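Presented below is the structure to which this report refers.
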Amino acid sequence: MVKQKTGWRLESSYTELPDRFYSRVEPNPVRSPQLVVFNDELAESLGLDPEMLKREEGVAVLAGNASPEGSAPLAQAYAGHQFGSFVNLGDGRAMLIGEQVTPDGERVDVQLKGSGRTPYSRGGDGRAALGPMLREYIISEAMHALGIPTTRSLAVVATGEVTLRKEPLPGAVLTRTAASHLRVGTFQYAAALEDRDALKALADYAIGRHYPEAAESDNPYLALFRNVAQRQAALIAKWQLAGFVHGVMNTDNMTISGETIDYGPCAFMNAYDPATVFSSIDIQGRYAYGNQPSIGGWNLARFAEALLPLIHEDAEQAAKLCQAELEAYIGRFQSEMLEGMRAKLGLFNKESGDEALIDALLKMMREQGADYTNTFRALSSAGAGKPDLFESNDFKEWQAGWQERLGRQEAGAEEAAELMRRSNPAVIPRNHRVEEALEAAGEGDLTVLNRLLAVLRDPYAYTEEQDAYASPPPPSDRPYRTYCGT
Ligand code: AMP
Ligand code: MG
(Lines give C-alpha, C1' and ligand atoms only; values in the text may rest on other atoms or scores of the structure.)
(Ligands and ions follow the chains in the order given, each with its own letter.)
Protein backbone atom coordinates (compact mmCIF):
# COMPACT_ATOMS: atom_id res chain seq x y z
CA MET A 1 0.00 0.00 0.00
CA VAL A 2 1.27 3.47 -0.83
CA LYS A 3 1.71 5.55 2.28
CA GLN A 4 -0.31 8.74 1.86
CA LYS A 5 1.53 11.91 2.64
CA THR A 6 0.14 14.89 4.51
CA GLY A 7 2.39 17.23 2.55
CA TRP A 8 4.64 18.53 5.30
CA ARG A 9 7.74 20.20 3.84
CA LEU A 10 9.25 21.71 6.93
CA GLU A 11 12.52 23.59 7.12
CA SER A 12 14.17 25.44 9.95
CA SER A 13 16.04 28.44 8.58
CA TYR A 14 15.61 30.22 11.92
CA THR A 15 18.21 27.96 13.49
CA GLU A 16 20.83 29.57 11.24
CA LEU A 17 20.65 32.49 13.67
CA PRO A 18 22.90 32.45 16.75
CA ASP A 19 21.66 30.10 19.50
CA ARG A 20 20.60 32.97 21.72
CA PHE A 21 17.63 33.70 19.46
CA TYR A 22 15.73 30.53 20.34
CA SER A 23 15.49 27.47 22.57
CA ARG A 24 14.85 23.97 21.34
CA VAL A 25 11.73 22.61 22.94
CA GLU A 26 9.98 19.30 23.09
CA PRO A 27 6.29 18.99 22.25
CA ASN A 28 4.18 18.71 25.41
CA PRO A 29 1.53 16.05 24.81
CA VAL A 30 -2.08 16.63 25.84
CA ARG A 31 -4.60 14.11 27.14
CA SER A 32 -7.21 13.67 24.42
CA PRO A 33 -6.93 15.94 21.41
CA GLN A 34 -10.08 16.66 19.51
CA LEU A 35 -10.33 18.78 16.39
CA VAL A 36 -12.76 21.68 16.85
CA VAL A 37 -12.23 23.73 13.71
CA PHE A 38 -10.04 23.31 10.66
CA ASN A 39 -9.18 25.59 7.74
CA ASP A 40 -9.29 23.49 4.54
CA GLU A 41 -8.53 26.39 2.22
CA LEU A 42 -5.45 27.47 4.19
CA ALA A 43 -4.21 23.87 4.46
CA GLU A 44 -4.44 23.49 0.70
CA SER A 45 -2.57 26.72 0.04
CA LEU A 46 0.20 25.39 2.30
CA GLY A 47 0.36 22.18 0.29
CA LEU A 48 -1.15 20.13 3.13
CA ASP A 49 -3.84 17.52 2.65
CA PRO A 50 -6.86 18.53 4.79
CA GLU A 51 -8.22 14.98 4.97
CA MET A 52 -4.90 13.59 6.21
CA LEU A 53 -4.57 16.32 8.81
CA LYS A 54 -8.07 15.70 10.12
CA ARG A 55 -7.23 12.05 10.84
CA GLU A 56 -6.04 11.00 14.25
CA GLU A 57 -2.36 11.16 13.28
CA GLY A 58 -2.82 14.63 11.78
CA VAL A 59 -4.68 15.96 14.80
CA ALA A 60 -1.90 14.58 17.02
CA VAL A 61 0.49 16.92 15.20
CA LEU A 62 -1.87 19.89 15.63
CA ALA A 63 -2.09 19.13 19.36
CA GLY A 64 1.65 18.83 19.89
CA ASN A 65 1.38 15.09 20.58
CA ALA A 66 3.42 14.10 17.55
CA SER A 67 6.04 15.78 15.42
CA PRO A 68 5.65 15.88 11.67
CA GLU A 69 8.53 14.85 9.46
CA GLY A 70 11.22 17.53 9.33
CA SER A 71 10.01 19.36 12.39
CA ALA A 72 12.52 20.86 14.82
CA PRO A 73 10.38 22.63 17.42
CA LEU A 74 11.71 25.78 19.00
CA ALA A 75 10.55 28.72 21.06
CA GLN A 76 11.72 32.14 19.92
CA ALA A 77 13.38 34.65 22.21
CA TYR A 78 12.27 38.28 22.05
CA ALA A 79 11.77 41.33 24.18
CA GLY A 80 9.25 44.12 23.99
CA HIS A 81 7.85 47.32 25.36
CA GLN A 82 4.65 46.35 27.11
CA PHE A 83 2.52 49.44 27.72
CA GLY A 84 5.72 51.45 27.45
CA SER A 85 8.01 49.36 29.72
CA PHE A 86 10.82 47.19 28.41
CA VAL A 87 10.59 43.47 29.30
CA ASN A 88 12.41 40.33 28.21
CA LEU A 89 9.85 37.85 26.85
CA GLY A 90 9.90 35.02 24.32
CA ASP A 91 7.37 32.41 23.27
CA GLY A 92 5.98 31.48 26.66
CA ARG A 93 3.25 29.26 25.34
CA ALA A 94 4.05 28.72 21.70
CA MET A 95 6.44 26.66 19.65
CA LEU A 96 7.48 27.00 16.06
CA ILE A 97 7.27 23.50 14.61
CA GLY A 98 8.95 24.60 11.40
CA GLU A 99 8.70 26.66 8.24
CA GLN A 100 6.45 25.07 5.67
CA VAL A 101 7.63 25.55 2.10
CA THR A 102 4.42 25.93 0.10
CA PRO A 103 3.76 24.73 -3.46
CA ASP A 104 4.26 28.39 -4.52
CA GLY A 105 7.72 28.32 -2.95
CA GLU A 106 6.79 30.58 -0.04
CA ARG A 107 8.15 30.00 3.46
CA VAL A 108 5.46 30.07 6.14
CA ASP A 109 5.98 29.66 9.89
CA VAL A 110 3.78 27.02 11.50
CA GLN A 111 3.37 27.62 15.19
CA LEU A 112 1.43 25.87 17.92
CA LYS A 113 -0.01 28.29 20.49
CA GLY A 114 -0.97 26.91 23.89
CA SER A 115 1.42 24.00 23.44
CA GLY A 116 2.95 24.04 26.92
CA ARG A 117 5.73 25.59 28.92
CA THR A 118 9.00 26.82 27.40
CA PRO A 119 12.11 28.42 28.90
CA TYR A 120 10.33 31.77 28.38
CA SER A 121 7.11 30.92 30.23
CA ARG A 122 7.99 32.94 33.33
CA GLY A 123 5.10 32.27 35.75
CA GLY A 124 2.69 31.09 33.04
CA ASP A 125 1.35 27.59 32.44
CA GLY A 126 2.14 27.62 28.73
CA ARG A 127 -1.44 26.74 27.93
CA ALA A 128 -4.44 28.42 26.33
CA ALA A 129 -8.17 28.15 26.82
CA LEU A 130 -10.57 27.11 24.06
CA GLY A 131 -12.55 30.39 23.95
CA PRO A 132 -9.60 32.73 23.27
CA MET A 133 -8.08 30.35 20.69
CA LEU A 134 -11.39 30.16 18.81
CA ARG A 135 -11.62 33.93 19.09
CA GLU A 136 -8.20 34.28 17.45
CA TYR A 137 -9.31 31.84 14.74
CA ILE A 138 -12.51 33.79 13.97
CA ILE A 139 -10.98 37.25 13.99
CA SER A 140 -7.76 36.45 12.16
CA GLU A 141 -9.68 34.69 9.40
CA ALA A 142 -12.16 37.60 9.22
CA MET A 143 -9.23 40.00 8.89
CA HIS A 144 -7.80 37.93 6.05
CA ALA A 145 -11.16 37.96 4.28
CA LEU A 146 -11.36 41.74 4.74
CA GLY A 147 -8.05 42.00 2.86
CA ILE A 148 -5.95 42.96 5.89
CA PRO A 149 -2.51 41.30 6.17
CA THR A 150 -2.54 38.92 9.12
CA THR A 151 -1.24 35.73 10.62
CA ARG A 152 -3.74 32.97 9.92
CA SER A 153 -5.36 30.12 11.75
CA LEU A 154 -5.11 26.56 10.52
CA ALA A 155 -6.86 24.70 13.31
CA VAL A 156 -8.02 24.67 16.89
CA VAL A 157 -7.72 21.40 18.80
CA ALA A 158 -9.31 20.93 22.22
CA THR A 159 -6.85 19.24 24.56
CA GLY A 160 -9.26 17.37 26.83
CA GLU A 161 -7.47 19.05 29.72
CA VAL A 162 -8.55 21.78 32.07
CA THR A 163 -6.78 25.14 31.87
CA LEU A 164 -6.93 27.03 35.10
CA ARG A 165 -7.78 30.72 34.73
CA LYS A 166 -10.15 32.68 37.00
CA GLU A 167 -12.18 29.50 36.67
CA PRO A 168 -11.36 26.09 35.18
CA LEU A 169 -11.71 26.25 31.38
CA PRO A 170 -11.35 23.72 28.57
CA GLY A 171 -7.84 23.87 27.10
CA ALA A 172 -6.94 24.18 23.43
CA VAL A 173 -4.05 24.52 21.00
CA LEU A 174 -4.21 26.89 18.02
CA THR A 175 -2.12 26.25 14.93
CA ARG A 176 -1.14 29.65 13.61
CA THR A 177 0.71 30.46 10.40
CA ALA A 178 2.70 33.59 9.64
CA ALA A 179 5.03 35.00 7.00
CA SER A 180 7.36 34.91 10.01
CA HIS A 181 7.17 35.61 13.72
CA LEU A 182 9.92 38.23 13.63
CA ARG A 183 8.84 41.18 15.71
CA VAL A 184 10.12 44.65 16.56
CA GLY A 185 10.72 42.99 19.93
CA THR A 186 13.05 40.42 18.34
CA PHE A 187 15.29 43.32 17.29
CA GLN A 188 15.03 44.88 20.74
CA TYR A 189 16.13 41.56 22.20
CA ALA A 190 19.11 41.48 19.80
CA ALA A 191 20.05 45.09 20.60
CA ALA A 192 19.95 44.36 24.33
CA LEU A 193 22.51 41.56 23.83
CA GLU A 194 24.99 44.30 22.81
CA ASP A 195 26.41 41.92 20.26
CA ARG A 196 26.64 43.63 16.90
CA ASP A 197 27.17 40.37 15.02
CA ALA A 198 23.99 38.88 16.46
CA LEU A 199 22.03 42.00 15.56
CA LYS A 200 23.46 41.97 12.05
CA ALA A 201 22.64 38.29 11.64
CA LEU A 202 19.03 38.99 12.59
CA ALA A 203 18.75 41.99 10.27
CA ASP A 204 20.25 40.02 7.38
CA TYR A 205 17.84 37.19 8.09
CA ALA A 206 14.84 39.59 8.09
CA ILE A 207 16.02 41.16 4.84
CA GLY A 208 16.50 37.77 3.21
CA ARG A 209 13.11 36.58 4.32
CA HIS A 210 10.93 39.66 3.77
CA TYR A 211 12.70 42.42 1.87
CA PRO A 212 15.36 40.84 -0.35
CA GLU A 213 15.51 43.97 -2.52
CA ALA A 214 16.82 45.92 0.51
CA ALA A 215 20.06 43.91 0.29
CA GLU A 216 20.84 45.75 -2.97
CA SER A 217 20.43 49.15 -1.37
CA ASP A 218 23.38 51.43 -0.46
CA ASN A 219 22.31 51.11 3.16
CA PRO A 220 20.47 47.77 3.51
CA TYR A 221 19.57 48.29 7.19
CA LEU A 222 18.06 51.71 6.58
CA ALA A 223 16.19 50.14 3.66
CA LEU A 224 14.94 47.42 6.04
CA PHE A 225 13.68 50.10 8.40
CA ARG A 226 12.01 52.02 5.56
CA ASN A 227 10.29 48.90 4.25
CA VAL A 228 8.95 47.87 7.64
CA ALA A 229 7.74 51.42 8.36
CA GLN A 230 5.95 51.60 5.02
CA ARG A 231 4.37 48.17 5.50
CA GLN A 232 3.16 49.16 8.97
CA ALA A 233 1.75 52.45 7.63
CA ALA A 234 -0.27 50.51 5.08
CA LEU A 235 -1.37 47.93 7.68
CA ILE A 236 -2.48 50.40 10.32
CA ALA A 237 -4.39 52.43 7.71
CA LYS A 238 -6.29 49.22 6.87
CA TRP A 239 -7.08 48.71 10.58
CA GLN A 240 -8.41 52.26 10.84
CA LEU A 241 -10.48 51.92 7.68
CA ALA A 242 -12.06 48.70 8.98
CA GLY A 243 -12.61 50.02 12.54
CA PHE A 244 -10.27 47.42 14.05
CA VAL A 245 -8.81 48.02 17.50
CA HIS A 246 -5.78 45.79 18.09
CA GLY A 247 -5.78 46.45 21.81
CA VAL A 248 -2.23 45.48 22.73
CA MET A 249 0.22 47.13 20.34
CA ASN A 250 3.26 46.30 22.44
CA THR A 251 6.45 46.15 20.39
CA ASP A 252 6.52 42.35 20.75
CA ASN A 253 3.17 42.32 18.94
CA MET A 254 4.36 44.28 15.89
CA THR A 255 5.70 42.16 13.05
CA ILE A 256 8.55 42.86 10.68
CA SER A 257 6.51 41.33 7.84
CA GLY A 258 3.63 43.81 8.26
CA GLU A 259 1.10 41.19 9.27
CA THR A 260 -1.34 41.72 12.14
CA ILE A 261 -0.37 39.45 15.02
CA ASP A 262 -1.65 38.54 18.46
CA TYR A 263 -5.42 38.53 18.70
CA GLY A 264 -5.74 38.91 22.45
CA PRO A 265 -7.89 41.85 23.44
CA CYS A 266 -8.71 43.09 19.92
CA ALA A 267 -12.24 43.98 18.82
CA PHE A 268 -14.05 45.96 16.14
CA MET A 269 -15.49 49.34 17.01
CA ASN A 270 -19.26 49.77 16.92
CA ALA A 271 -20.19 53.47 17.29
CA TYR A 272 -17.52 55.67 15.74
CA ASP A 273 -15.35 57.11 18.48
CA PRO A 274 -11.56 57.50 18.28
CA ALA A 275 -11.37 56.94 22.06
CA THR A 276 -12.70 53.38 21.70
CA VAL A 277 -10.85 50.90 23.95
CA PHE A 278 -11.91 47.34 24.75
CA SER A 279 -8.98 45.91 26.71
CA SER A 280 -9.66 45.60 30.43
CA ILE A 281 -6.09 46.56 31.32
CA ASP A 282 -5.75 49.55 29.00
CA ILE A 283 -6.89 52.02 31.63
CA GLN A 284 -5.15 55.03 30.03
CA GLY A 285 -6.44 54.24 26.55
CA ARG A 286 -2.87 53.99 25.25
CA TYR A 287 -4.04 51.61 22.51
CA ALA A 288 -7.36 53.31 21.72
CA TYR A 289 -8.55 53.25 18.09
CA GLY A 290 -7.49 56.84 17.46
CA ASN A 291 -4.02 56.30 18.95
CA GLN A 292 -3.03 53.34 16.78
CA PRO A 293 -1.23 55.33 14.05
CA SER A 294 0.90 57.26 16.55
CA ILE A 295 1.63 54.14 18.60
CA GLY A 296 2.75 52.53 15.34
CA GLY A 297 5.23 55.41 15.03
CA TRP A 298 6.34 55.01 18.66
CA ASN A 299 6.98 51.31 18.11
CA LEU A 300 8.92 52.03 14.92
CA ALA A 301 11.07 54.49 16.86
CA ARG A 302 11.96 51.60 19.20
CA PHE A 303 12.79 49.51 16.12
CA ALA A 304 15.01 52.33 14.86
CA GLU A 305 16.83 52.50 18.20
CA ALA A 306 17.61 48.81 17.95
CA LEU A 307 18.90 49.16 14.38
CA LEU A 308 20.97 52.35 14.87
CA PRO A 309 24.39 50.63 15.18
CA LEU A 310 23.84 48.98 11.80
CA ILE A 311 22.53 52.08 10.05
CA HIS A 312 25.47 54.42 10.58
CA GLU A 313 28.61 54.32 12.69
CA ASP A 314 27.82 57.83 13.85
CA ALA A 315 24.80 57.56 16.15
CA GLU A 316 23.60 61.08 15.38
CA GLN A 317 23.68 60.47 11.64
CA ALA A 318 21.87 57.17 12.14
CA ALA A 319 19.15 58.87 14.16
CA LYS A 320 18.72 61.57 11.53
CA LEU A 321 18.30 58.99 8.78
CA CYS A 322 15.67 57.14 10.82
CA GLN A 323 13.85 60.35 11.69
CA ALA A 324 13.30 61.04 8.00
CA GLU A 325 11.85 57.55 7.58
CA LEU A 326 9.54 58.08 10.55
CA GLU A 327 8.24 61.22 8.90
CA ALA A 328 7.73 59.23 5.71
CA TYR A 329 5.76 56.70 7.78
CA ILE A 330 3.33 59.42 8.83
CA GLY A 331 3.01 60.67 5.26
CA ARG A 332 2.39 57.17 3.93
CA PHE A 333 -0.19 56.47 6.63
CA GLN A 334 -2.05 59.68 5.84
CA SER A 335 -2.10 59.06 2.12
CA GLU A 336 -3.24 55.43 2.56
CA MET A 337 -5.96 56.64 4.88
CA LEU A 338 -7.15 59.34 2.50
CA GLU A 339 -7.10 56.94 -0.45
CA GLY A 340 -9.01 54.35 1.55
CA MET A 341 -11.61 56.86 2.72
CA ARG A 342 -12.08 58.11 -0.84
CA ALA A 343 -12.76 54.53 -1.90
CA LYS A 344 -15.23 54.10 0.97
CA LEU A 345 -17.09 57.12 -0.47
CA GLY A 346 -16.88 55.90 -4.08
CA LEU A 347 -14.33 58.49 -5.15
CA PHE A 348 -11.75 57.56 -7.77
CA ASN A 349 -10.06 60.91 -8.35
CA LYS A 350 -8.67 63.52 -5.97
CA GLU A 351 -10.04 66.91 -5.07
CA SER A 352 -8.68 69.35 -2.55
CA GLY A 353 -11.93 69.39 -0.58
CA ASP A 354 -11.97 65.61 -0.01
CA GLU A 355 -10.41 65.69 3.44
CA ALA A 356 -12.97 68.22 4.63
CA LEU A 357 -15.78 66.08 3.21
CA ILE A 358 -14.48 62.98 5.03
CA ASP A 359 -13.86 64.84 8.29
CA ALA A 360 -17.35 66.31 8.26
CA LEU A 361 -18.90 62.85 7.96
CA LEU A 362 -16.73 61.41 10.75
CA LYS A 363 -17.53 64.37 12.98
CA MET A 364 -21.26 63.80 12.57
CA MET A 365 -20.84 60.08 13.16
CA ARG A 366 -18.97 60.77 16.34
CA GLU A 367 -21.42 63.35 17.63
CA GLN A 368 -24.39 61.12 16.95
CA GLY A 369 -22.75 57.85 17.99
CA ALA A 370 -23.37 56.34 14.56
CA ASP A 371 -22.20 52.78 13.95
CA TYR A 372 -18.96 52.93 11.95
CA THR A 373 -19.41 49.88 9.72
CA ASN A 374 -23.13 50.33 9.17
CA THR A 375 -22.90 53.98 8.20
CA PHE A 376 -20.60 53.13 5.30
CA ARG A 377 -22.62 50.01 4.57
CA ALA A 378 -25.81 52.08 4.30
CA LEU A 379 -24.05 54.60 2.03
CA SER A 380 -22.99 51.64 -0.17
CA SER A 381 -26.21 49.71 -0.40
CA ALA A 382 -29.68 51.12 -0.93
CA GLY A 383 -31.08 47.91 0.58
CA ALA A 384 -29.33 48.31 3.95
CA GLY A 385 -31.22 49.85 6.87
CA LYS A 386 -30.65 53.56 7.32
CA PRO A 387 -28.98 54.66 10.55
CA ASP A 388 -30.72 57.44 12.52
CA LEU A 389 -27.89 59.72 11.45
CA PHE A 390 -29.38 59.84 7.95
CA GLU A 391 -32.47 61.68 9.26
CA SER A 392 -30.56 64.71 10.51
CA ASN A 393 -30.42 67.94 8.50
CA ASP A 394 -26.64 68.08 8.88
CA PHE A 395 -26.36 64.70 7.25
CA LYS A 396 -28.74 65.65 4.42
CA GLU A 397 -26.65 68.71 3.71
CA TRP A 398 -23.47 66.62 3.78
CA GLN A 399 -25.06 64.05 1.48
CA ALA A 400 -25.95 66.71 -1.07
CA GLY A 401 -22.32 67.85 -1.10
CA TRP A 402 -21.12 64.28 -1.46
CA GLN A 403 -23.49 63.63 -4.36
CA GLU A 404 -22.25 66.76 -6.07
CA ARG A 405 -18.68 65.58 -5.56
CA LEU A 406 -19.56 62.18 -7.05
CA GLY A 407 -21.15 63.95 -10.00
CA ARG A 408 -17.91 65.81 -10.74
CA GLN A 409 -15.84 62.65 -11.31
CA GLU A 410 -15.61 60.87 -14.61
CA ALA A 411 -16.71 57.48 -13.23
CA GLY A 412 -20.44 56.83 -13.36
CA ALA A 413 -22.77 56.07 -10.45
CA GLU A 414 -22.62 52.32 -11.01
CA GLU A 415 -18.82 52.26 -10.92
CA ALA A 416 -18.81 54.37 -7.77
CA ALA A 417 -21.33 52.06 -6.11
CA GLU A 418 -19.19 49.06 -7.00
CA LEU A 419 -16.07 50.67 -5.54
CA MET A 420 -17.98 51.35 -2.33
CA ARG A 421 -19.19 47.78 -2.03
CA ARG A 422 -15.62 46.58 -2.47
CA SER A 423 -14.39 49.01 0.19
CA ASN A 424 -17.11 48.80 2.85
CA PRO A 425 -17.74 45.42 4.44
CA ALA A 426 -21.35 44.32 4.86
CA VAL A 427 -20.29 42.38 7.92
CA ILE A 428 -17.50 42.37 10.52
CA PRO A 429 -17.00 40.01 13.47
CA ARG A 430 -19.29 41.87 15.87
CA ASN A 431 -18.32 41.29 19.49
CA HIS A 432 -21.70 39.93 20.56
CA ARG A 433 -21.76 37.54 17.60
CA VAL A 434 -18.26 36.28 18.44
CA GLU A 435 -19.25 35.80 22.09
CA GLU A 436 -22.40 33.95 21.08
CA ALA A 437 -20.34 31.57 18.90
CA LEU A 438 -17.78 30.98 21.66
CA GLU A 439 -20.46 30.30 24.22
CA ALA A 440 -22.18 27.70 22.05
CA ALA A 441 -18.82 26.09 21.19
CA GLY A 442 -18.04 25.85 24.90
CA GLU A 443 -21.21 23.83 25.26
CA GLY A 444 -20.23 21.57 22.38
CA ASP A 445 -22.42 23.20 19.71
CA LEU A 446 -20.28 24.29 16.75
CA THR A 447 -23.12 25.30 14.43
CA VAL A 448 -23.14 28.93 15.60
CA LEU A 449 -19.37 29.21 15.11
CA ASN A 450 -19.48 27.63 11.66
CA ARG A 451 -22.31 29.89 10.53
CA LEU A 452 -20.38 32.95 11.71
CA LEU A 453 -17.22 31.80 9.93
CA ALA A 454 -19.24 31.30 6.75
CA VAL A 455 -20.72 34.84 6.70
CA LEU A 456 -17.30 36.34 7.47
CA ARG A 457 -15.62 34.49 4.61
CA ASP A 458 -16.69 37.10 2.04
CA PRO A 459 -17.48 40.29 3.94
CA TYR A 460 -18.08 42.28 0.75
CA ALA A 461 -20.73 39.92 -0.64
CA TYR A 462 -23.77 41.81 0.67
CA THR A 463 -25.85 38.64 0.95
CA GLU A 464 -29.18 38.46 2.73
CA GLU A 465 -27.71 36.17 5.38
CA GLN A 466 -25.14 38.82 6.23
CA ASP A 467 -27.93 41.31 7.04
CA ALA A 468 -28.70 39.37 10.19
CA TYR A 469 -25.08 39.72 11.30
CA ALA A 470 -24.87 43.44 10.63
CA SER A 471 -26.75 44.71 13.67
CA PRO A 472 -24.67 46.32 16.39
CA PRO A 473 -25.04 44.80 19.85
CA PRO A 474 -28.18 45.70 21.79
CA PRO A 475 -27.60 48.64 24.16
CA SER A 476 -25.94 47.55 27.39
CA ASP A 477 -25.14 49.35 30.61
CA ARG A 478 -21.71 47.72 30.65
CA PRO A 479 -19.07 48.34 27.97
CA TYR A 480 -17.65 45.32 26.14
CA ARG A 481 -14.35 44.23 27.71
CA THR A 482 -11.56 42.05 26.34
CA TYR A 483 -8.64 40.39 28.11
CA CYS A 484 -4.91 39.81 27.49
CA GLY A 485 -2.87 36.67 28.04
CA THR A 486 -5.93 34.45 28.17
P1 AMP B 1 0.66 38.55 24.85
O2 AMP B 1 0.02 39.49 25.82
O3 AMP B 1 -0.26 37.47 24.39
O4 AMP B 1 1.36 39.25 23.73
O5 AMP B 1 1.77 37.76 25.67
C6 AMP B 1 2.88 38.37 26.23
C7 AMP B 1 3.89 37.35 26.67
O8 AMP B 1 3.33 36.51 27.67
C9 AMP B 1 4.37 36.43 25.56
O10 AMP B 1 5.75 36.25 25.76
C11 AMP B 1 3.59 35.17 25.81
O12 AMP B 1 4.27 34.05 25.30
C13 AMP B 1 3.47 35.15 27.32
N14 AMP B 1 2.29 34.39 27.79
C15 AMP B 1 0.98 34.72 27.67
N16 AMP B 1 0.20 33.78 28.23
C17 AMP B 1 1.02 32.82 28.72
C18 AMP B 1 0.83 31.58 29.44
N19 AMP B 1 -0.39 31.12 29.73
N20 AMP B 1 1.93 30.88 29.77
C21 AMP B 1 3.16 31.32 29.49
N22 AMP B 1 3.41 32.46 28.84
C23 AMP B 1 2.37 33.21 28.46
MG1 MG C 1 2.25 38.59 22.00
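None of these values were measured; they are calculated from a predicted model. As the structure lists them, so they are numbered: ligands from 1, and atoms in each ligand from 1. Residues take their numbers from the sequence shown, with the count starting at 1.
Not a single heavy atom of Val248 lies less than 4.0 angstrom from ligand 1. Not a single heavy atom of Gly264 sits closer than 4.0 Å to an atom of ligand 1. Contact analysis leaves Tyr120 out of contact with ligand 1, as no non-hydrogen atom separation drops below 4.0 angstrom.
Annotation for ligand 1: atoms under 4.0 Å from non-hydrogen atoms of Gln82 are 6 (C). Taking every heavy atom of Arg165 and a limit of under 4.0 angstrom, the matching atoms of ligand 1 come to 19 (N). Every atom of ligand 1 with a heavy atom of Gly124 under 4.0 Å away is listed here by number and element: 20 (N), 21 (C). Each of the atoms 1 (P), 3 (O), 4 (O) of ligand 1 lies under 4.0 Å from some heavy atom of Asp262. Atoms of ligand 1 found under 4.0 Å from any heavy atom of Gly126 (numbered from 1 in listed order, with element): 18 (C), 19 (N), 20 (N), 21 (C). Within ligand 1, counting atoms from 1 as listed, the ones closer than 4.0 Å to a heavy atom of Tyr78 are 9 (C), 10 (O).
Under the salt bridge (charged side-chain N to carboxylate O under 4.0 Å, His left out) criterion, Arg457 pairs with no residue at all, not counting sequence neighbours. The ring-ring contact (aromatic ring centres under 6.0 Å, His included) check on Phe21 picks up Tyr189, with sequence neighbours excluded.
Neither the backbone nor the side chain of Asn250 has any atom closer than 4.0 Å to an atom of ligand 1 (non-hydrogen atoms only).
Ring pair Phe303/Phe225 is tilted by interplanar angle, where 30° to 60° counts as tilted.
In terms of heavy atoms, Ser257 sits closest to Arg231 at O-NH1, 2.8 Å.
Of the N or O atoms in Gly90, one or more lie within a sub-3.5 Å distance of an N or O in ligand 1. An N or O contact shorter than 3.5 Å links Asn253 to ligand 1 by distance. When only interatomic distances are considered, the shortest N/O to N/O separation between Asp91 and ligand 1 does not fall below 3.5 Å.
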Please output the side-chain donor-acceptor pairs of residues 71-89 that fall under 3.5 Å, not counting sequence neighbours, one pair per line with the distance.
| residue | atom | partner | partner atom | Å |
| --- | --- | --- | --- | --- |
| Ser71 | OG | Ile97 | O | 3.3 |
| Tyr78 | OH | Gly90 | O | 3.4 |
| His81 | ND1 | Gln188 | NE2 | 2.8 |

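Taking 4.5 Å as the limit, every side-chain heavy atom of Tyr289 sits out of range of all side-chain heavy atoms of Asp273.
More than 12 heavy atoms of other residues, nucleotides or ligands lie within 6.0 Å of CD in Glu44, so this atom counts as buried by the packing criterion. Atom CD of Glu435 is surrounded by more than 12 heavy atoms from other residues, nucleotides or ligands within 6.0 Å. For Glu56, the CD atom counts as loosely surrounded, since its 6.0 Å shell holds 12 or fewer non-hydrogen atoms of other residues, nucleotides or ligands.
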Working note: Ser23 + Tyr120, criterion side chain to side chain donor-acceptor pair (under 3.5 Å); need CA distance, chi angles, decisive distance, verdict. CA-CA 9 Å; Ser23 296; Tyr120 313 111; 2.8 Å; yes
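Distances from atom 7 (C) of ligand 1 to the heavy atoms of Arg127, Gln76, Arg122 show the closest one on Arg122. Within the set Gly114, Gly92, Pro132, Pro265, the minimum heavy-atom distance to atom 11 (C) of ligand 1 is found for Gly92.
Between Lys113 and Asp91 no salt bridge is recorded (no basic side-chain N to carboxylate O distance below 4.0 Å).
Around the Mg ion (ligand 2), protein N, O or S atoms at less than 2.8 Å number 2.
A distance of 11.0 Å separates CG of Leu130 from CD of Gln34, quoted to the nearest 0.5 Å.
Of the options Phe187, Tyr14, Tyr211, Tyr22, a ring-ring contact (aromatic ring centres under 6.0 Å, His included) to Tyr205 is made by Tyr14 and by none of the others.
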